[in-house]
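Ligands are counted one by one from 1 in listed order, and the atoms in each one are counted from 1 as well.
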Amino acid sequence: MSDKADHDLGRDVMGEVSRRAALHGVIALGGLWFLPMAGCERPLVASVPQPDPNPHPSSSSPMEKEPAMPTEYTLPPLSYAYDALEPHIDAQTLRLHHDMHHAGYVKGANAALANLEQARKSGDYNLVDLYSKKLAFHLSGHLLHSLFWENMAPVGKGGEPSKPLDAAIRAAFGSLEAMKAQMSAVAVSVEGSGWAVLGYHPIDQQLSLLQCENHEKKAVWGTIPLLVVDVWEHAYYLKYQNKRADFVAAWWNLVHWNDVSARYAKAKTLTALR
Ligand SMILES: [Fe+2]
């Protein structure tokens, strides 16, 4: 394969990151477009190359001046203590969930990217389907968890839906309570492991509720997640055992409506995506 072909394929593989600027700060993956997340827009990648403060035009070609693609994702820190979500999410669950499970998805995403890079270098694409599947699963897991942490706040700290968000919810679902009832049902009825997702689609400018299996299945292209709840057993089993519905009911006490409202306001500005 030619150097140019290698270069072009590399851009395709890293498109989730590189398209961020082109899509007004939105990361596209698995059918969902993610808005930048605090602790995630920066550290989604570990090393963003900085401009050379002392360029040497005579010793570098135009191609060499082009910034290299970011190479690694990193685990964003929580913005609250492990016990901050008690009693609804216990400290042990939160610690394991963030430090072990989420970290595993970050590691898996980086491994998939490394394997794809190696495939490009060797020209051996026999396992590209496996690596592509791994990338979709682990990177979607990383993005959803990063959003999940920011979607939650200690009891009494999450605020209320903004007026625009409340109006959009009422327009789409009839009432806030109806939306919550549907989202709870979506979450409880996930077959196996997955998520419930409240999202905004800039094409029809409507909110909708999606059910996601694993981290990437059943997504709708272009939907921007605003509020997500993780119903993998690792999210609740230590405290709630098999009572997923009890966990989902308790989780509503932790929703960071100020964060969700800010995401909705940002998503509404994505007019260029229509
Ligand atoms: Fe999880």
Side-chain angles (χ1 to χ4, degrees), residues 16 27 29-32 34-35 37-40 43-44 73-112 133-154 158 183-184 186-199 209-219 223 225-256 259-260 263:
E16 297 81 12
I27 301 168
L29 189 74
L32 303 176
F34 284 82
L35 294 168
M37 286 168 271
C40 202
L44 256 182
Y73 298 92
T74 58
L75 179 67
L78 294 173
S79 62
Y80 36 74
Y82 292 116
D83 62 355
L85 305 181
E86 296 267 13
H88 304 297
I89 295 180
D90 59 284
Q92 185 181 15
T93 293
L94 186 54
R95 183 187 297 273
L96 289 169
H97 197 170
H98 177 267
D99 294 4
M100 303 300 292
H101 292 279
H102 187 173
Y105 300 128
V106 174
K107 184 178 179 181
N110 288 330
K133 181 179 180 181
K134 294 286 187 183
L135 180 63
F137 175 81
H138 289 287
L139 185 48
S140 295
H142 174 36
L143 294 172
L144 282 170
H145 281 90
S146 299
L147 177 56
F148 184 50
W149 309 135
E150 296 195 6
N151 276 166
M152 295 189 291
M183 187 166 181
S184 295
V186 167
V188 171
S189 62
V190 170
E191 187 174 13
S193 302
W195 301 75
V197 177
L198 173 67
L209 280 164
L210 302 178
Q211 185 179 71
C212 174
E213 291 177 355
N214 291 350
H215 301 309
E216 77 284 23
K217 298 173 183 173
K218 299 170 70 173
T223 303
L226 304 176
L227 174 65
V228 298
V229 58
D230 184 344
V231 289
W232 284 58
E233 286 186 346
H234 65 228
Y236 62 86
Y237 211 84
L238 288 180
K239 181 178 178 66
Y240 296 91
Q241 288 81 51
N242 62 325
K243 301 180 180 67
R244 180 189 284 179
D246 289 354
F247 163 67
V248 174
W251 168 80
W252 283 110
N253 294 295
L254 302 172
V255 172
H256 193 179
D259 177 70
V260 183
R263 292 179 184 284

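- Of the residues Q241, R244, H88, the one that meets the side-chain hydrogen bond (donor to acceptor under 3.5 Å, both in side chains) test with Y236 is R244.
- Nearest N/O/S atom of H145 relative to the Fe ion (ligand 1): this is NE2.
- Around atom NZ of K218, more than 12 heavy atoms belonging to other residues, nucleotides or ligands sit under 6.0 Å away.
- Within 6.0 Å of atom NZ in K107, 12 or fewer heavy atoms from other residues, nucleotides or ligands are found, so the atom counts as exposed in its surroundings.
- H145 pairs in a ring-ring contact (aromatic ring centres under 6.0 Å, His included) with only one of the listed residues (H97, H138, H101, H98), which is H97.
- Taking 2.8 Å as the criterion, H101 does not count as a coordinating residue of the Fe ion (ligand 1), since none of its N, O or S atoms falls below it.
- Look at H97 and the Fe ion (ligand 1): an N/O/S atom of the residue is under 2.8 Å from the metal.
- For D230, the N/O/S atom at the shortest distance from the Fe ion (ligand 1) is named OD2.
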